[in-house]
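Written out below as C-alpha cells is the structure these notes cover.
Just follow the structure's listing: the first ligand is 1, and inside any ligand the first atom is 1. Side chains are part of it too, since the values below use all heavy atoms of this structure and drop only hydrogens, waters and symmetry mates.
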Amino acid sequence: MTTPHPMLTLTDEVRTALAEGRPVVALESTIISHGMPYPDNVAMAREVEQIVRDGGAVPATIAVLDGVPRIGLTEEQLEVLGSHPDVTKVSVRDLPYVVARRSHGATTVASTMRLAALAGIRVFVTGGLGGVHKGAESSMDVSADLQELGQSDVAVVCAGVKSILDIGRTLEVLETLGVPVIGVGGREFPSFYSRSSGFQAPMEVPAIDAGGPEQLAATMRAKWDLGLSGGIVIANPVPEEDEIPTDEMQVFIDQALADCDRLGIIGKDITPYLLGRIVEITDGRSLVTNIALVRNNARLGAALAQAYAVDG
Ligand code: PSU
Ligand code: MN
C-alpha cells in the first residue's frame, strides 16, 4: 500500500479503506463544476457516489477546497463545488497556484489522476477524456490528460473521447505515450454520446458481466508489475438506449464548434463552453446521455476496483 502524500486530506472512510486494501474509486470534479449545469451536476455527483457504494467500493471524489487537495468529499463540499461561482478548473498546471492561494479548484482527469496516484488509488471513473483538439496541428491544444495518462499509475474508466476532439490523433498520442486503450465489450472506440466513432481501440475485454473487470484488473497488475508506469484508458460505451448516434450528434457538435470559433474561445475554456453549448443545442438531451454514461462507468469502476483488490 502507498502511504498517502502528507499534503492530501483524506476522509476517514477513504483512508481506512485504502489502509485495509479495500476497493476505492476516484471521481473527478471538473465534470461537476464545469461539465454540467447546477443542480443536475450535484445530483449526478451524489448518485454516482451511491452507485460506487452499491457496487461494493468506496467513492473518493477529488477536488481542492480552500487550497487543500481533498480525497473524498462530504455532501456539503459537493454542493460547494457544484454551485460556488469561484471554483477554478484545475489541471496539473494549475494545482500549485490554487493550493498557494488557498482557493477552490475542480480537478480535471489529469490532476485527479495525479492526486489519486499520490493517495494510492488505482481506479478512477469519469465521463470523457480530454485529448487532441481539432486544429491542434497549428494551435498545439492537446489536453494535459494525455500526458498524465503517460505517467500516473491509474486506470481511467471513461466513455471514450467526444468528437469535439480529433479522435484519431488522440489515439495516436496515447500510443506514443505507451497507454493501453481497452474497449469494453468490443473494439469500436466510443465517442462519449455515441457508441461508435469510426476508430478502433487496439485492445478489448468482455463486458462487465462476462469477465471484463477481472481481465482489466489482470492487465493493470501486469503493466505495473512490469514497471511500465502510466495509466490505462478503459473505453466503456454508453448503453444503447441512452446513446445519441454519431450522425445526429455531428450536426450538434459542428454547430457548437462554429459558435466557439466565432466567440474566439480558446484554451481551458473550450471544453466547458462546448459541453454547455451542446446541452443548449440539444435541449438537454445531451445532458441525459452524459449522466447515463457516467452511471454506467461508475458501475464498471466499482467492479474493477473490487477485482483489482482481490487480485492484489
Ligand atoms: N469531457 C466531458 N466533461 C468534462 C471534461 C471533459 O465530457 O467535464 C473535462 C474533464 O475534466 C477533462 C477536461 O479532464 O475537461 C479536459 O479539459 P482540457 O481539454 O482543457 O484539458
Ligand atoms: Mn487545452
Side-chain angles (χ1 to χ4, degrees), residues 26-38 40-42 44-45 48 61-64 81-82 87-95 105-116 124-150 152 154 156-167 169-170 173-174 190-194 197 231 233 235-238 242-244 249 252-253 256-257 260 265-279 282 286-297:
L27 301 161
E28 66 149 307
S29 45
T30 293
I31 189 174
I32 304 171
S33 65
H34 294 77
M36 290 181 195
Y38 180 81
D40 304 86
N41 56 356
V42 176
M44 180 277 308
V48 166
T61 303
I62 295 182
V64 181
L81 269 177
V87 179
T88 310
K89 175 181 166 186
V90 171
S91 192
V92 173
R93 162 192 83 172
D94 310 287
L95 262 178
T107 50
T108 63
V109 168
S111 54
T112 304
M113 281 185 81
R114 184 70 67 95
L115 293 171
F124 165 25
V125 164
T126 186
L129 299 178
V132 178
H133 281 260
K134 290 188 167 144
E137 311 88 286
S138 59
S139 69
M140 295 189 74
D141 190 350
V142 178
S143 174
D145 292 357
L146 300 185
Q147 163 129 324
E148 199 56 36
L149 279 160
S152 277
V154 177
V156 183
V157 180
C158 65
V161 172
K162 270 176 300 303
S163 44
I164 59 173
L165 300 173
D166 186 326
I167 298 179
R169 286 188 171 87
T170 299
V173 171
L174 288 168
S191 56
F192 198 76
Y193 306 109
S194 317
S197 68
V233 173
N236 190 31
V238 63
D242 300 306
E243 95 162 318
I244 306 177
M249 206 54 228
F252 305 139
I253 286 174
L257 282 168
C260 188
I265 292 165
I266 54 163
K268 68 188 277 191
D269 299 327
I270 292 180
T271 305
Y273 171 79
L274 290 173
L275 288 171
R277 187 73 189 113
I278 291 169
V279 173
T282 62
S286 71
L287 182 60
V288 174
T289 299
N290 196 343
I291 293 172
L293 66 86
V294 180
R295 284 193 195 112
N296 188 48
N297 291 346

For this session: Find out whether Met36 and Ile291 are in side-chain contact, i.e. whether some heavy atom of one side chain is under 4.5 Å from a heavy atom of the other.
Result: yes

Problem set entry | Heavy-atom side-chain contact between Thr126 and Val294 under 4.5 Å | no

Exercise. Under 4.0 Å from ligand 1, counting heavy atoms only, is it the side chain of Asp145, its backbone, both or neither?
Worked result: side chain

Exercise. Nearest to the Mn ion (ligand 2), which N, O or S atom of Asp141 do we find?
Worked result: OD1

For this session: Report yes or no: do Thr107 and Glu28 form a side-chain donor-acceptor pair below 3.5 Å?
Result: no

For this session: Using a 4.0 Å heavy-atom threshold (strictly under), name the region of His34 that reaches ligand 1: side chain, backbone, both or neither.
Result: neither

Seminar exercise, completed: Smallest heavy-atom separation, Thr108 atom then Thr30 atom, equals N-OG1, 3.2 Å

Seminar exercise, completed: When distances are taken from atom 1 (N) of ligand 1, the protein heavy atom at minimum range is Lys162 NZ, 2.7 Å

Exercise. Checking Thr88 side chain against Gly105 main chain: does a donor-acceptor pair fall under 3.5 Å?
Worked result: no

For this session: With Val109 as reference, evaluate Val154, Asp145, Ile31 under the side-chain contact (heavy atoms from CB on, under 4.5 Å) test and give the passing residue.
Result: Asp145

For this session: Could you tell me the residue and atom name of the protein heavy atom closest to atom 21 (O) of ligand 1, and the distance to it rounded to 0.1 Å?
Result: Ser143 OG, 2.7 Å

Problem set entry | Val233 and its side-chain contact (heavy atoms from CB on, under 4.5 Å) partner, picked from Leu149, Leu146, Val161 | Leu149

Problem set entry | Check: Gly135 main-chain N/O paired with Asp166 side-chain donor or acceptor under 3.5 Å | no

Seminar exercise, completed: the protein heavy atom lying closest to atom 8 (O) of ligand 1 turns out to be Ile31 CA, 3.4 Å

For this session: Could you see which bit of Leu275 sits under 4.0 Å from ligand 1, with heavy atoms only: side chain, backbone, both or neither?
Result: side chain

Seminar exercise, completed: Among non-hydrogen protein atoms, atom 11 (O) of ligand 1 lies closest to Glu28 OE1, 2.7 Å

Problem set entry | Heavy atom of the protein closest to atom 15 (O) of ligand 1 (residue, atom name, distance) | Thr271 CG2, 3.7 Å

Exercise. Short list, please: which atoms of ligand 1 are under 4.0 Å from a heavy atom of Gly128?
Worked result: 1 (N), 6 (C)

Problem set entry | Those atoms of ligand 1 less than 4.0 Å from some heavy atom in Phe192 | 7 (O)

For this session: Look at atom 9 (C) of ligand 1 and say which protein heavy atom is nearest, naming residue and atom and giving the distance to 0.1 Å.
Result: Thr30 CG2, 3.9 Å

Exercise. Below 3.5 angstrom, do we get any N/O pair linking Ala110 and ligand 1?
Worked result: no

Seminar exercise, completed: Candidates Lys89, Lys268, His133; heavy atom nearest atom 18 (P) of ligand 1 found on Lys89

For this session: Output, in order, the C-alpha distance, side-chain angles, deciding distance and verdict of side chain to side chain contact (heavy atoms under 4.5 Å, CB included) for Leu293 and Asp242.
Result: CA-CA 8 Å; Leu293 66 86; Asp242 300 306; over 6 Å; no

